[in-house]
Each structure stands twice: as structure tokens, then as C-alpha cells.
Amino acid sequence: MTSEGLAPPEAFGRLADATRLDVLRELDAAQERSVSFSDLRARVGVDDSGQFNYHLSRLRPHFAEKGADGYRLTAAGRQVVRAVAAGRFTADVSFDAFEHESRCHRCETSLRVSYRDERLLFQCPACDHEVLDVGFPASGARERTPEQVVDAFARFSYHRVAGARDGVCPDCWGPTDGRVTDRVPPAVDEPAAVVFECAVCEGVVVVSFGGLAVYDNRVRRFHRDHCVDPNDGYYWERPQCLSGEYTAVESADPWRVTVEFPLDDEVCRGRFDGSDLVTVDVER
Ligand SMILES: [Zn+2]
Ligand SMILES: [Zn+2]
């Protein structure tokens, strides 16, 4: 397989023009159908056909492609249109702290959540503990109430980890690979966590052992056996996800980590070797 890419400054330079962004938007509106040169020029509203041809040449072949019936958007062109429409690079959204229904995993007090500079901040007013300080794109906050933003963040996180765990980067769809790292985000009170790295965009998804274990079918079955829906509540409410209280690092070389889920009079114990949950035992 070959891959020939534009250098990033060249790619952004080719897009730095209002007419070219209009061309991409019109091609997107055509929904996979090809649009002829003259039709496209009329839609964008450019009189000079030589000048319009120049703009199209700058968009080809990366953002728009030319076939027998006319022009069509490429996958990269579609991503540009979506990112611009969503305000991925330009949106500015914030909200002040409000009391959210989710609770502190240490003391069960309702958390206060605020959003600024594309970061969600979860704080416990009782134990003065910063539970989470995480990035969330402004495009996800624009058309939502603060409560809906928190819900969307919970789903977004769930799908990001699920994708990375299944080997698909949530940012660019490239292949991801997981390993144990001792570079742990500040919110996770553990000596190590699992990091999934993308071989294409170099993006990372970091998750605690407890956070990863709840995706495992054996752990989920254990919860259901105890009448607990593993999808209930928010991940930051579970001490297994952030506190380190139920996680034990048995060896750092090679990594061997155990995470426990006690329910009623039973304990479900998952053991990680590398980044995979290799065994799950239930102790009665
Ligand atoms: Zn608290
Ligand atoms: Zn990626």
C-alpha cells in the first residue's frame, strides 16, 4: 500500500481561501453525486472561469477529485467541511460551574462541573478534590445544555476507549496499539495506566485498568449476576476507574496488574498482563 501526503503547511495553504471552502461545501451538498464544472461555478458564484479553474486545481486531488461526470469530494474534503461547519477550530463555548447529578467517588457529594477553553472540569465541593479535568471539543458543547454536555462527554469517552481498544483510532481511524504506561493523567490516582497509541496521527487514549476492565464481557457478566447494570452511572463515579483503591500493581517488569470489583459477598478480580485483561476470577 502506498500513501502520498501533502505536507501540512501546503494542505492548510490550499484551504486558506473562502472560495475554495465554498467549493468544498457545495460538493458536500451534492451528497456523493458529481457536479459539472459549469454547475459548480454557478453554485459558488464565480464569474471568471479561468480563476475558478485555478481554485479547483488547488483542491485536486486531495480535497476534490475529477471524474468523467465532474467533481466530487474526497474523504479528506468531507472532513474539512465537517470540521469547518462544526467550528472545530473556531468555536468558543463555556459555561459556569453547576451542580451535576454525578457524585464524587470519594465522598458521594454531587459534583460541580464547568466548561472553559475546551476543557471540562469536575470538582467535589466537599472534599475539595478535582475529580476530572479533561478535553472535550467545543463543537460538542455548542448545541447542548450543560447537563447534555456532560452526558455527551460520558458517551464520547466510552466510544473513544471502545474504539481505541478495538484497534481503531477515534480521531483518524488509523490502527491503535495498547501498552502499559507509568505516564498517568493527573486524575488517575494509580502508578500505571493503559495507553492506546495511533500509528497514523500519533494520538493517544489513556485509560485506567478499572476503566478498561468494565469493557470486558466477563466483568460485565459479573455485574449483571449481582443485578448491577455495568452501563449505569458515570465512569468517574466508580472508584475502580480513578482512585487506585482497587488496583494493585504486582510487577512493573513485566507489568502485572490486578483490579478488583467487590459486589455483595463476591469479588471479581481481573488481571492485566501487558495491556490485555488476561484472566478474570470470581472469589466467593
Ligand atoms: Zn468528595
Ligand atoms: Zn489516529
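Bear in mind that the values here come from a model prediction, so they are computed numbers and not experimental data. Order of appearance sets the numbers: ligands from 1, and atoms from 1 within every ligand.
- Not one N or O on the side chain of Asp166 forms a donor-acceptor pair closer than 3.5 Å with the backbone of Val168.
- Rounded to 10°, the angle that SG of Cys107 and SG of Cys127 form at the Zn ion (ligand 1) is 120°.
- A distance of 6.5 Å separates CZ of Phe272 from CZ of Phe209, quoted to the nearest 0.5 Å.
- For Asp22, the side-chain hydrogen bond (donor to acceptor under 3.5 Å, both in side chains) criterion is met by Arg25, not counting sequence neighbours.
- The aromatic ring centroids of Phe37 and Phe52 lie less than 6.0 Å from each other.
- Rounding to 10°, one obtains 110° for the angle at the Zn ion (ligand 1) between SG (Cys104) and SG (Cys124).
- Sequence neighbours left out, the pairs with a member in residues 130-144 that pass side-chain hydrogen bond (donor to acceptor under 3.5 Å, both in side chains) are Arg119-Asp133.
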Next on the checklist: Run Asn231 and Arg220 through side chain to side chain donor-acceptor pair (under 3.5 Å) and show every step you take.
Outcome noted: CA-CA 9 Å; Asn231 300 321; Arg220 297 172 77 77; 2.6 Å; yes
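- Any protein N/O/S atom under 2.8 Å from the Zn ion (ligand 2) was counted, giving 4 altogether.
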Output a table of donor-acceptor pairs, distance under 3.5 Å, between side-chain atoms of residues 254-263 and any protein atom two or more places apart or on a different chain; print 'none' if there are none.
| residue | atom | partner | partner atom | Å |
| --- | --- | --- | --- | --- |
| Thr258 | OG1 | Glu250 | OE2 | 2.7 |
| Glu260 | OE2 | Arg269 | NE | 2.7 |
| Glu260 | OE2 | Arg269 | NH2 | 3.1 |

